[in-house]
Amino acid sequence: VQLQASGGGLVQPGGSLRLSCAASGSIFSIDAMGWYRQAPGKQRDLVATITSSSYTNYADSVKGRFTISRDNAKNTVYLQMNSLKPEDTAVYYCNAEKVRVIKGAPWRDYWGQGTLVTVSS
């Protein structure tokens, strides 16, 4: 199973970006998918997660600005980021939680390679 993230880049404050992350390989089910971010010199923090039944959870710092969504048929998660601020600058990592490759198999978590988001004028 591999996660491929895309959509990062340089954007001015107040601008928007949309991140995508597709999980590929032999996949039976994925419990939750999400986005985390890590700024230079800081720990990796939760941004947003979404379950297979579309229950969402957001970090307080992004509520009202970011929207997470998911296409279960494509095993893809999206993060629409609006009203971006310089403090949103970080490497964004996607995560697939409790992935099973066949029914009843043990699950494990997977991480994507990260995509850099830079918010600067």
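Side chains are part of it too, since the values below use all heavy atoms of this structure and drop only hydrogens, waters and symmetry mates.
Clustering ILVMFWY residues whenever any of their side-chain heavy atoms sit less than 4.5 angstrom apart, transitively, puts V117 in the very cluster that holds L79. Residues Y110 and W107 are members of separate hydrophobic clusters, defined by side-chain heavy-atom contacts under 4.5 angstrom among Ile, Leu, Val, Met, Phe, Trp and Tyr. Two different hydrophobic clusters hold V62 and Y93 under the rule that ILVMFWY side chains link at heavy-atom gaps under 4.5 Å. By the criterion of side-chain heavy atoms lying less than 4.5 angstrom apart, applied directly or through intervening Ile, Leu, Val, Met, Phe, Trp or Tyr residues, I30 is grouped together with V101 in one hydrophobic cluster. Cluster annotation: V77 and I27 are assigned to the same hydrophobic cluster (Ile/Leu/Val/Met/Phe/Trp/Tyr, side-chain heavy-atom contacts under 4.5 Å, transitive).
Between the OG1 atom of T118 and the CG atom of L10 there is a distance of 6.0 Å, given to the nearest 0.5 Å. Taking CG of D31 as the reference point, atom CE of M33 lies at 11.0 Å (rounded to 0.5 Å). Atoms CE and CD1, from M81 and I68 in turn, are 11.5 Å apart once rounded to the nearest 0.5 Å.
Among all heavy-atom pairs drawn from G114 and V91, the shortest one is CA-CG1, 3.8 Å. A pairwise comparison of heavy atoms in Q80 and N82 identifies NE2-OD1, 2.9 Å as the closest pair. Between L19 and G8 the shortest heavy-atom distance is CD2-N, 3.6 Å. Across all their heavy atoms, L3 and C21 have their closest contact at CB-SG, 3.9 Å. Across all non-hydrogen atoms, the minimal contact from A5 to Q113 is O-NE2, 3.1 Å.
Counting only distance, with no hydrogens or angles, the side chain of R65 and the backbone of S83 share a donor-acceptor pair below 3.5 Å. In this structure a side-chain-to-backbone donor-acceptor pair under 3.5 Å is present from D109 to K98. Using modelled atom types, one side-chain atom of N72 and one backbone atom of S52 make a donor-acceptor pair closer than 3.5 Å.
Inspection of the S53 and T51 side chains reveals an N or O donor paired with an N or O acceptor under 3.5 Å.
Listed by first then second residue, pairs satisfying ring pair (Phe, Tyr, Trp, His ring centres under 6.0 Å) with a partner in residues 39-73 number zero, not counting sequence neighbours.
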As a quick check of understanding, evaluate side-chain contact (heavy atoms from CB on, under 4.5 Å) for D71 and Y78, giving each step before the final call. CA-CA 8 Å; D71 185 332; Y78 307 94; 4.2 Å; yes
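Evaluation of the side chain to side chain contact (heavy atoms under 4.5 Å, CB included) rule for V11 yields L17, L84, V119 as partners, not counting sequence neighbours.
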Pair up each side-chain donor or acceptor in residues 36-43 with any protein partner under 3.5 Å, not counting sequence neighbours, and list the distances.
| from | atom 1 | to | atom 2 | distance (Å) |
| --- | --- | --- | --- | --- |
| R37 | NH1 | D88 | OD1 | 2.9 |
| R37 | NH1 | Y92 | OH | 2.9 |
| R37 | NH2 | S61 | OG | 3.4 |
| Q38 | NE2 | K42 | O | 3.0 |
| Q43 | NE2 | D45 | OD1 | 3.0 |

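W111 is listed as a side-chain neighbour of R44, based on a closest heavy-atom distance under 4.5 Å.
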